Each structure stands twice: as C-alpha cells, then as structure tokens.
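To start, the structure itself, in structure tokens.
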Amino acid sequence: MALACVAIILGLAHLLTAKPLDCEPLVPETIDNATMTKLLGKWFYIAGASQHPATLKQLELIKNAYYFMYPSNHQDTFLVTEVMRVNDKCVVDNSSYISVIRDNFTMILHGENESSVAQLIKSSFEDTMTLYHIDGTHKGLSISVRAQNMSTEQLEEFKTQVACLGLKEEETFYTTAKDLCPMEEEGNDKKHSVEVVEPSLG
Ligand SMILES: *[C@@H]1O[C@H](CO)[C@@H](O)[C@H](O)[C@H]1NC(C)=O
Ligand SMILES: *[C@@H]1O[C@H](CO)[C@@H](O)[C@H](O)[C@H]1NC(C)=O
Ligand SMILES: *[C@@H]1O[C@H](CO)[C@@H](O)[C@H](O)[C@H]1NC(C)=O
Ligand SMILES: *[C@@H]1O[C@H](CO)[C@@H](O)[C@H](O)[C@H]1NC(C)=O
Ligand SMILES: *[C@@H]1O[C@H](CO)[C@@H](O)[C@H](O)[C@H]1NC(C)=O
C-alpha cells in the first residue's frame, strides 16, 4: 500500500516536472506562384533528422551545405546547385532539380542518383525552409535558412517539430557554419545567377 502510494507520487512528480511538448501538426505550405518565387535564391542547409538508416548515414557525413534554387523554363521545376562539405571533401552538384506538384503540396527532389519526396512545411519564420521527408514509413525533417546561422527561435521550432514527429535527438544532425566550401567555376552559373539577382517582377 505504502509502496503503491510512493510509486503514484513519484509518477505524478515525474509528470509535473516533465517539460510539456507543445505539439502542433505539421501544416503543408500551399505552393503557388508567390511561394515559388520566395523559394528562389540561396539557402543554407542547417540540420536534418531521419528515421531511415541510410539517410541518417548520409546526413552524418554532411558537415555543411548551401544551395541555390533557380527558376527553369518549366513552370513547376527548380534547378538546384548544391555546394556541400561531405566527409571533409567539397562537392558541387548542379545536376539536381526539384519538381513541384502543387495539388498535394509535394516537392520531388531529383538527385543525380536518387529521388526523394518532401512537403514544404509552414514555419513561423519567413526565412525558413522546413521540409518533411516521406520515405515509405520512415519520417524525416530538414531545415534550411537564409542566414549562415539559425536563430535560437528557429532552432527551438525545429527541435519541437522533430520531437513531435517522434524522431530522436540521435537521429538529428546539425551542420557547422565553419569551413564552407567555395562555389567552383562561378562562370558556369552566370546565366542562372542573373535571373536570381534580378527576378522579373512583372
Ligand atoms: C503563375 O505563373 C505562371 C507563369 O510562370 C503563369 O502562367 C500563371 O498564370 C501564374 N498563375 C497565377 C495564379 O498567377
Ligand atoms: C554543371 O557544371 C558542369 C561542370 O562544372 C558544367 O559543365 C555544366 O554546364 C553545369 N550544368 C548546369 C546545368 O549548370
Ligand atoms: C503527390 O503526388 C505525386 C504524383 O502523383 C506523388 O508521386 C507523391 O507521392 C504525392 N505526394 C504525397 C505526399 O502524397
Ligand atoms: C552518384 O553516383 C556516382 C557513382 O556511384 C558517384 O560518383 C556520384 O558522386 C554520386 N552523386 C551524388 C550527387 O551523390
Ligand atoms: C555562427 O555561430 C557561431 C557559433 O555561435 C559563430 O562562431 C559564428 O561566427 C557564427 N557565424 C555567423 C556567420 O554568424
């Protein structure tokens, strides 16, 4: 009897001290022309979380990364140039593109070797790109921001979303702003850059 009481009190004490998680469902962002325009330009990849063992291995290797989203001739396709430090080597990949399926808020990332599906998630912050990655039954979340460093508020939002998805801290990898790779052969992207620097605003 006494032991049961102690157990109940300890149990309650635990509940009272545990920090409540303020979970809100992830809401996909409507992808319209304005959203498409807002996504253009340079982004810094900051962190990624995944339940998929293979993806987790890849995330662990990425020390840092930034990328550029360019408009293409096709309305719902972005061209992407990624500059990554992977395994202490610099990798520039301009072979990827993203196709957008507006009906179901989906972005399909077509990489050189593989494709992945993600949904753009609403964020409280303008300069945040949160992607919810769907890979069979495995979930994942990644965040990119406009600045090299993420603010504490952006970090808190991301951490909460990760925890609410049921992803563990050890399934999350953060990049470091140190030793960003230079973008090679800028000349190759002249045509793209001009479009980004001077978007036609009608
Ligand atoms: C969105 O942009 C495309 C061209 O990029 C245009 O054809 C279409 O009419 C625009 N849609 C709206 C709703 O403005
Ligand atoms: C990608 O980079 C290669 C080599 O740097 C270049 O030859 C090619 O034209 C670039 N492709 C695009 C789509 O920018
Ligand atoms: C959205 O539709 C595309 C094409 O039909 C499909 O490949 C993709 O898996 C869908 N996304 C989601 C989240 O259901
Ligand atoms: C794609 O696969 C090839 C061959 O395995 C590899 O050399 C290349 O680095 C891969 N590309 C990316 C972007 O991972
Ligand atoms: C990013 O944050 C780190 C650690 O707080 C700091 O050392 C670094 O200078 C910051 N970089 C930028 C570009 O703000």
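Every value quoted in this text rests on a predicted model; they were computed, and no experiment measured them.
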Worksheet item: Applying the side chain to side chain donor-acceptor pair (under 3.5 Å) test to Arg102, which of Thr35, Asp32, Asn33 qualifies?
Response: Asn33

Worksheet item: Does NZ in Lys122 sit with more than 12 non-hydrogen atoms of other residues, nucleotides or ligands closer than 6.0 Å?
Response: yes

Worksheet item: What distance do Ile98 atom CD1 and Ser115 atom OG have between them, rounded to the nearest 0.5 Å?
Response: 11.0 Å

Worksheet item: Do Leu40 and Pro71 have side-chain heavy atoms sitting under 4.5 Å apart?
Response: yes

Worksheet item: Nearest 0.5 Å, what's the OG1-NZ distance between Thr152 and Lys159?
Response: 10.0 Å

Worksheet item: Going by atom types alone, do Ser96 and Glu112 pair a side-chain donor with an acceptor below 3.5 Å?
Response: no

Worksheet item: Hey, what's the ring geometry for Phe44 with Tyr66, parallel, tilted or perpendicular (30° and 60° as the breaks)?
Response: tilted

Item to complete: Answer whether the closest heavy-atom distance between the side chains of Met129 and Ser123 falls below 4.5 Å.
Response: no

Worksheet entry | Shortest non-hydrogen separation from Ala118 to Leu109 and the atoms involved | CB-CD1, 4.1 Å

Discussion item. Quick check against the 3.5 Å criterion: does Thr106 have a side-chain atom that pairs as donor or acceptor with the backbone of Ile101?
Written reply: no

Item to complete: Please check if Ile121 and Phe125 belong to a single hydrophobic cluster, counting links between Ile, Leu, Val, Met, Phe, Trp and Tyr side chain heavy atoms closer than 4.5 Å.
Response: no

Worksheet entry | Value rounded to 0.5 Å, distance of OH in Tyr174 from CD1 in Ile46 | 10.5 Å

Fill in: From CD (Glu157) to OG (Ser151), nearest 0.5 Å
9.0 Å

Worksheet entry | Closest contact, heavy atoms only, Gln75 versus Met36 | O-CE, 3.4 Å

Discussion item. Is it true that Gln58 and Glu114 share a donor-acceptor pair across their side chains at a distance under 3.5 Å?
Written reply: yes

Worksheet item: What heavy-atom pair brings Gln51 and Thr137 nearest, and what distance separates the two atoms?
Response: OE1-O, 3.9 Å

Fill in: Stepwise side-chain contact (heavy atoms from CB on, under 4.5 Å) check, Phe105 with Glu29
CA-CA 7 Å; Phe105 319 102; Glu29 183 76 77; over 6 Å; no

Practice prompt. Check whether any side-chain heavy atom of Tyr45 lies under 4.5 Å from a side-chain heavy atom of Val83, and answer yes or no.
Written response: no

Worksheet item: So how far is it from His110 NE2 to Leu79 CG, rounded to the nearest 0.5 Å?
Response: 11.5 Å

Worksheet item: Should the pair Asp179-Lys63 be classified as a salt bridge under the 4.0 Å nitrogen-to-oxygen rule?
Response: no

Practice prompt. Say whether, by atom type as modelled, one donor and one acceptor occur between the side chain of Asp135 and the main chain of His52 under 3.5 angstrom.
Written response: no

Item to complete: Hey, could you give me the CD1/CD distance between Ile31 and Gln119, rounded to the nearest 0.5 Å?
Response: 8.5 Å

Worksheet item: If you look at every heavy atom in Met69 and Phe78, which pair is closest and at what distance?
Response: CE-CD1, 3.6 Å

Discussion item. In the structure I gave you, are the side-chain heavy atoms of Leu120 and Met107 within less than 4.5 Å of one another anywhere?
Written reply: yes

Worksheet item: With a 4.5 Å heavy-atom cut-off, do Leu131 and Leu141 have their side chains touching?
Response: no

Item to complete: Evaluate the side-chain proximity of Asn64 to Met84: yes if any heavy-atom separation is below 4.5 Å, no if none is.
Response: no

Practice prompt. Kindly confirm or rule out a cation-pi arrangement of Lys42 over Tyr67, judged by NZ or CZ under 6.0 Å from the six-membered ring centre and within 45° of its axis?
Written response: no

Practice prompt. Return the minimal non-hydrogen interatomic distance between Leu59 and Ala49, and the atom names on each side.
Written response: CD1-N, 3.9 Å

Fill in: Least distance between heavy atoms, Phe173 atom then Glu60 atom
CE2-CG, 3.5 Å

Item to complete: Fit a plane to each ring of Phe68 and Tyr70, take the angle between them on a 0 to 90° scale, and name the class: parallel (under 30°), tilted (30 to 60°) or perpendicular (over 60°).
Response: parallel

Fill in: Residue pairs fulfilling disulfide (SG to SG under 2.5 Å) with at least one residue in residues 148-177, sequence neighbours excluded
Cys23-Cys164

Worksheet item: Applying the 4.5 Å side-chain criterion to the ILVMFWY set and letting contacts propagate, would Phe158 and Ile134 be lumped into a single cluster?
Response: yes

Worksheet item: Would Ser142 and His133 count as having a side-chain donor-acceptor pair, cut-off 3.5 Å?
Response: yes

Discussion item. Do Asp127 and Gln154 pair up side chain to side chain, a donor and an acceptor below 3.5 Å, judged on atom types alone?
Written reply: yes

Worksheet item: Can you check whether Lys89's main-chain N or O pairs, donor with acceptor, with Asn87's side chain at less than 3.5 Å?
Response: no

Worksheet item: Looking at side-chain heavy atoms only, is the closest gap between Val162 and Glu169 below 4.5 Å?
Response: no

Discussion item. Taking CD in Glu170 as the centre, count heavy atoms belonging to other residues, nucleotides or ligands within less than 6.0 Å. Is the count above 12?
Written reply: yes

Practice prompt. Flag the pair Val100 / Thr77 as yes when at least one side-chain heavy-atom distance between them is below 4.5 Å, and no otherwise.
Written response: no

